[in-house]
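Notes to accompany the following structure.
Every chain is numbered from 1, with letters handed out A, B, ... down the list of sequences. Every heavy atom of this structure was used, including side-chain atoms; hydrogens, water molecules and symmetry mates were not.
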Protein chains: 2
Amino acid sequence: MTLPQITAQSGRFLELEKRLLEAQPSIEHWLRSQWLEHTAPFYASVDLRNSGFKLAPVDTNLFPGGFNNLNPEFLPLCIQAAMIALEKVCPEARGALIIPENHTRNNFYLQNVAILRNILRRAGMKVRIGTLIPEIASPTELALPDGGQLLLEPLVRKGNRLGVEGFDPCVVLLNNDLSAGIPKILENLEQPVIPPLYAGWSTRLKSNHFAAYEEVADEFGKLIGIDPWVVNPYFGACGEINFQERQGEECLASHVDMVLSHVQRKYREYGIDLDPFVIVKADAGTYGMGIMSVKNAAEVRDLNRKQRNKMAVVKEGLQVTRVMVQEGVYTFESVTDAFAEPVIYMIDHFVVGGFYRVHTARGQDESLNAPGMQFVPLAFEDTCLLPDPEASPDCAPNRFYAYGVVARLALLAAARELEQAAQAFEAGVGQPDPIGPQALKVAGV
Amino acid sequence: MTLPQITAQSGRFLELEKRLLEAQPSIEHWLRSQWLEHTAPFYASVDLRNSGFKLAPVDTNLFPGGFNNLNPEFLPLCIQAAMIALEKVCPEARGALIIPENHTRNNFYLQNVAILRNILRRAGMKVRIGTLIPEIASPTELALPDGGQLLLEPLVRKGNRLGVEGFDPCVVLLNNDLSAGIPKILENLEQPVIPPLYAGWSTRLKSNHFAAYEEVADEFGKLIGIDPWVVNPYFGACGEINFQERQGEECLASHVDMVLSHVQRKYREYGIDLDPFVIVKADAGTYGMGIMSVKNAAEVRDLNRKQRNKMAVVKEGLQVTRVMVQEGVYTFESVTDAFAEPVIYMIDHFVVGGFYRVHTARGQDESLNAPGMQFVPLAFEDTCLLPDPEASPDCAPNRFYAYGVVARLALLAAARELEQAAQAFEAGVGQPDPIGPQALKVAGV
């Protein structure tokens with residue numbers, strides 16, 4: 001693999017990377033102590049953006065769907081980490097039921113499910129796949145591009161236990177982000193459900209995640225003596241949005257303004273000669289739907305019908321009523337002429353691999369995870385575990401180590417976010433609201 | 001890598017391997033529950049012998065010295081496993097002190113220490129190496145064959161804390177098997193010492209290990225429905241031996257007789273047309289000194305002076321006063337014309353790699369770990385984590401999985417052995433004596 005070039009500002013990135021390398025013992029020590037206090041999600045993937053002067057997470061996915069994009073050589077790492085995760089979640093488990101997304105034709109995704117199944121099997125579990133697709137009324141074998149097969153079976157619920165015909169699993173592993181809400185059949189199960197139901201997009205909010213991340217970034221900044229902004233994108237959130245009825249437009253515009261001006265101030269402080277931009281996205285939801293890249297508040301005031309429709313719904317028709325305005329982080333990593341964005345995969349609190357999302361048709365100030373996006377995954381050849389303090393900070397193992405550190409900060413934020421969500425979920429109330437629906441506040445400042 | 005051929009009895013081995021593959025979920029489930037009750041040693045290596053009809057451990061080393069023989073591609077697995085081990089032993093640790101064997105010219109061993117250092121560093125520790133060699137009075141840099149360097153520093157003890165000049169570690173990692181006894185400087189330390197002092201050869205007995213292994217093998221046999229003998233070598237132990245003064249010779253001879261006749265019975269039961277043999281070895285000690293391969297009790301009655309001297313002492317001049325008589329397991333694995341013996345490496349309860357010890361000058365009924373032995377390490381190309389139930393039971397991943405299972409049985413035995421040793425050590429008495437010095441008993445029958 002050719003390591004993507006960092007085409008600008010690499011001097012400053014090398015500074016951050018150098019600092020991460022020097023501070024490795026403190027970082028790992030601090031992370032170890034954090035994992036004693038907080039439980040890592042079963043798995044996660046984190047989208048990073050590397051602008052040279054800044055390396056930050058922009059999205060943390062608790063139902064990662066791209067295990068097929070990882071280097072197959074890392075499979076043993078995945079298996080070992082899954083063994084650890086299973087020991088914690090339910091050491092007594094022999095059987096696991098995977099509940100995937102309702103896709104039957106997305107071969108890439110199906111391959112991801114097959115790899116997850118293999119990881120769990122090789123960690124010593126019996127694994128079956130139960131589908132939420134109502135049309136699948138009997139076991140259905142789907143062919144995989146690699147020649148293998150995937151058997152989807154209809155879910156069978158008996159009392160408060162969920163399984164498939166002839167299989168009563170000890171644990172239910174969700175690889176479905178619950179964008180369509182929490183299906184009745186998954187409610188009040190006896191078996192542990194991992195990740196928990198409240199990690200799904202029907203309850204989770206990105207702004208809660210990034211509020212938790214802000215705290216993590218601040219602690220981390222103090223720990224290794226860096227400006228936390230270097231790893232943390234500013235953001236604000238607006239509630240009570242209705243794009244189609246043009247409600248909440250002013251709130252959105254003023255947040256865009258605020259975030260842009262804060263970023264502008266930072267750019268000036270660091271002598272960065274670039275136009276700040278923000279990403280406006282749904283506060284709940286995934287798959288890059290409902291995402292806009294904006295450089296001026298006016299742009300969100302004058303949305304035409306098509307743009308409003310695009311922003312109004314995300315996957316599964318989920319209505320967008322809250323949006324997050326997140327500082328845009330330029331990507332200065334490119335492979336030949338295409339921009340590249342690292343995606344890091346973790347199981348339990350271990351980095352198990354990653355890949356570059358390489359997109360030929362998008363600019364460096366756009367989200368590379370967008371609807372219809374055709375990305376080329378470029379699997380990391382190295383793990384993120386082998387930093388070499390004696391080599392250049394920007395050699396592959398060292399850059400990957402830096403990715404692994406920042407991804408684990410996001411993972412830690414997810415762990416804390418889920419703790420708070422658990423309390424709210426158990427109390428039967430919604431998610432805690434860190435920003436307030438209309439309050440004009442920019443986090444991270 | 002060419003997988004060694006199994007040249008005989010492979011049909012029966014395939015049976016065992018097939019059983020292990022089928023039972024994988026039960027095996028992993030059972031091991032998970034065992035690791036909830038028993039703490040795995042920090043690291044270990046297990047020598048296996050594979051006779052086709054039998055796959056059994058013959059030695060379990062709690063201070064493994066061959067990390068240099070592993071495939072470098074497995075390093076990430078080692079790092080991840082070391083992270084887990086450190087989290088358990090002392091999550092608060094930032095600094096680790098490695099205490100190696102007193103070798104300064106054994107380049108293979110020094111390379112092993114360097115790799116251990118790298119594993120701990122990449123797990124996020126500060127690492128220094130403190131030596132017990134009295135002649136090393138100031139920091140001494142040794143050149144490594146790979147061009148790297150190893151800095152040995154004299155130990156500094158302040159009160160009950162051990163370190164090297166300017167370095168007060170949180171944990172002391174022994175890579176020294178304490179054959180010469182427990183040095184005063186290591187006694188009563190405040191810091192955790194891993195493995196514990198009583199895991200050294202000054203207190204440990206192989207017969208205690210294999211007594212614990214016998215229990216493990218019996219439980220495992222019941223679990224997956226196999227004759228435990230298939231994974232367990234018979235053995236007996238004799239105390240009060242003095243080779244030079246010819247004391248205890250009768251005890252030894254009668255044990256040899258007993259073990260041989262029990263093995264003969266099993267060979268007959270399974271229709272194995274081979275001569276049984278036993279390995280007579282020191283009950284404490286390592287490095288393959290004091291080892292004999294014997295097919296008839298008469299052979300131990302008529303030891304000449306040279307043979308008696310050879311058996312009388314092991315490493316560091318440790319006197320042999322107890323011997324173990326262990327069923328010899330033929331090795332039917334060979335690489336071209338040389339016999340091969342798998343060695344499996346583990347950190348915490350994870351298999352992290354292995355290699356074949358290939359010896360051109362020895363027979364299939366001899367120990368391949370013997371003084372002056374020139375072995376060629378043949379690193380496993382695959383991990384032991386990727387069994388493929390749909391492939392032949394004897395393809396590399398499946399054979400390696402079988403190795404990994406049996407090695408972990410030995411690891412579990414070591415965990416139980418150390419629990420008992422801890423009690424005895426704390427009570428200030430010696431090791432529990434499973435066999436009794438003169439009692440004629442063969443374990444495993």
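Contact count against chain A (heavy-atom pairs under 4.5 Å) is highest for B/Q80 among B/R32, B/R121, B/Q80, B/Q24. Note on A/R94, A/E28, A/M125: by heavy-atom pairs under 4.5 Å with chain B, the leading option is A/R94. For the set B/S33, B/A123, B/G124, the entry with the most heavy-atom pairs within less than 4.5 Å of chain A is B/G124.
Side-chain contact, A/N398 with A/E17: no donor N or O sits under 3.5 Å from an acceptor N or O. The closest side-chain donor-acceptor pair between A/N175 and A/Y43 falls under 3.5 angstrom.
Under a 4.0 Å N-O distance rule, the pair A/E22/A/R19 qualifies as a salt bridge.
Taken from CD1 in B/I347 to CZ in B/F67, the straight-line distance is 4.5 Å, to the nearest 0.5 Å.
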